[in-house]
Amino acid sequence: MRKLIALVLAVAMMLVVAGCGGADEKKADGDKQIKMGFSQIGAESEWRTANTESVKQAAKDAGIDLQFSDAQQKQENQIKAIRSFIAQGVDIIAFVPIVETGWDTVLKEAKDAKIPVIIVDRDLKVEDDSLYVAKIGTNMETEGQKAFEWLNKYVTDNNVKPHEGDKLNLVILEGTVGSTAALGRTKGFGDGLAANADKYNVLASQTGEFTRQKGQEVMESFLKSYGNKIDILFAHNDDMALGAIQAIEAAGMKPGKDIIILSIDGVKGIFQAMIEGKANCTVECNPLQGPLLMETAKKVLAGEKVDKVVYVEEGVFPADVAEKVMPERKY
Ligand code: GZL
């Protein structure tokens, strides 16, 4: 008898579980719940963490069933995740392309499966831009331009003189090799440098992989090679700048004073460093893209027309506003 009861219970359990996972899960209002596959690149920076939290919270608020995958910084893991979303028959796919190229084949598979794709945050290059329905993110080249414009005005207004020689010497910490964040920022900042070659000299430019740890290591090597010759650090993100600040202090120099510290993202950590006088400016790169992503996904699935490219709003925050603005910062 006991065996019979156990068997009946087991069968009942299987039926309940089977009912929960069905792709045609109904919402309270009777609509079919949207299932979104999202491939995130990893958790390399404070910015990335904020971006992930924004997507997850926005999915919850929108009643969207989010299948989230963390690629641990590997493109092949993103491609695997997108294939698994296709196999699951999700309604829509969204992902942050860790690098610019190598997406055509898997996006063709999504198109053949009639699953729309939204690109988030970073950009990509594909032969046929009908492989994605929309791009939501930030204009990385503009961020680089804004960074250079702030620097050029700052050194002029403050009559900043080089420690050595007749040009201001920079070192640059670049983002992930091949990412459009690194490519765009290099282009935007580099155009400003090229137009002012009489004023600036780049001593070294190397990837710090967008992480604090690597940023510290590479800055240590820059300091060993150039020491007091360095007047300016431009870092493609705040996390690398925060790592570099640790290296500069360990070398007995004053970040924000002996070396001008300029970076991009606008995370809380750099605001704190600016309040402590250890950094000079951050150019905002807004990670809070979740609500716009979910709104766009719903429009796409409802057959509504959406803009092909949407950039989120961003500002520039020099140290002298850091204390006032810090309480309003959302990431
Ligand atoms: C930019 C984003 C970059 C951030 C980094 O949109 O892709 O990646 O600047 C993050 O902090 O790692």
Side-chain angles (χ1 to χ4, degrees), residues 38-55 70-75 77-78 94-101 103 118-125 134-148 172-189 206-216 218-219 233-245 261-273 279 281-290 292-293 309-317 329-331:
F38 186 88
S39 166
Q40 179 59 287
I41 64 177
E44 73 282 357
S45 62
E46 285 182 44
W47 190 98
R48 186 61 56 203
T49 305
N51 183 243
T52 292
E53 281 163 15
S54 172
V55 168
D70 176 331
Q72 310 281 322
Q73 310 296 329
K74 289 193 172 64
Q75 181 176 29
N77 290 344
Q78 291 199 282
F95 78 108
V96 176
I98 185 166
V99 291
E100 189 179 48
T101 56
W103 305 103
I118 299 177
I119 310 301
V120 178
D121 174 23
R122 294 184 187 171
D123 204 339
L124 81 180
K125 234 183 218 150
K135 259 193 288 196
I136 292 167
T138 62
N139 189 323
M140 321 282 185
E141 191 170 324
T142 305
E143 290 157 1
Q145 286 163 352
K146 288 179 185 175
F148 181 81
I172 299 174
L173 289 169
E174 300 172 10
T176 305
V177 175
S179 70
T180 52
L183 295 167
R185 290 167 187 172
T186 297
K187 173 81 172 59
F189 192 83
Q206 191 180 326
T207 183
E209 297 168 7
F210 279 135
T211 68
R212 187 182 286 220
Q213 173 63 36
K214 195 74 181 152
Q216 181 174 355
V218 176
M219 190 66 201
L233 163 67
F234 169 48
H236 285 185
N237 83 333
D238 296 337
D239 286 65
M240 293 189 291
L242 291 166
I245 285 168
I261 309 289
L262 164 63
S263 55
I264 297 177
D265 274 353
V267 298
K268 282 199 176 111
I270 205 72
F271 275 83
Q272 189 52 43
C281 180
T282 184
V283 172
E284 186 178 33
C285 171
N286 188 339
L288 308 179
Q289 301 161 0
L292 181 57
L293 169 59
V309 180
V310 180
Y311 289 135
V312 290
E313 279 305 305
E314 305 177 319
V316 178
F317 298 93
R329 297 301 297 165
K330 296 194 184 71
Y331 65 94

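Since the structure is predicted, the reported quantities are computational estimates derived from the model, not experimental observations. Numbering of ligands and ligand atoms starts at 1, following listing order.
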### Task
Evaluate the criterion side-chain contact (heavy atoms from CB on, under 4.5 Å) for residue pair E46 and R212; output intermediate values, then yes/no.
CA-CA 10 Å; E46 285 182 44; R212 187 182 286 220; 3.6 Å; yes
### Query
Can you check side-chain contact (heavy atoms from CB on, under 4.5 Å) on Y331 and L288, steps first, answer last?
CA-CA 8 Å; Y331 65 94; L288 308 179; 4.1 Å; yes
### Query
Could you walk me through whether R122 and M140 pass the side-chain contact (heavy atoms from CB on, under 4.5 Å) check?
CA-CA 8 Å; R122 294 184 187 171; M140 321 282 185; 4.2 Å; yes
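Ring centers of W103 and F95: under 6.0 Å apart, within the cut-off.
When E143, H236, E141 are each tested for a side-chain hydrogen bond (donor to acceptor under 3.5 Å, both in side chains) with R185, only one passes: E143.
Under the salt bridge (charged side-chain N to carboxylate O under 4.0 Å, His left out) criterion, R48 pairs with E44, D121, sequence neighbours left out.
Sorted by chain then number, the residues whose non-hydrogen atoms approach ligand 1 to under 4.0 Å are E44, S45, W47, R48, D121, R122, T138, M140, R185, F210, N237, D265, C285.
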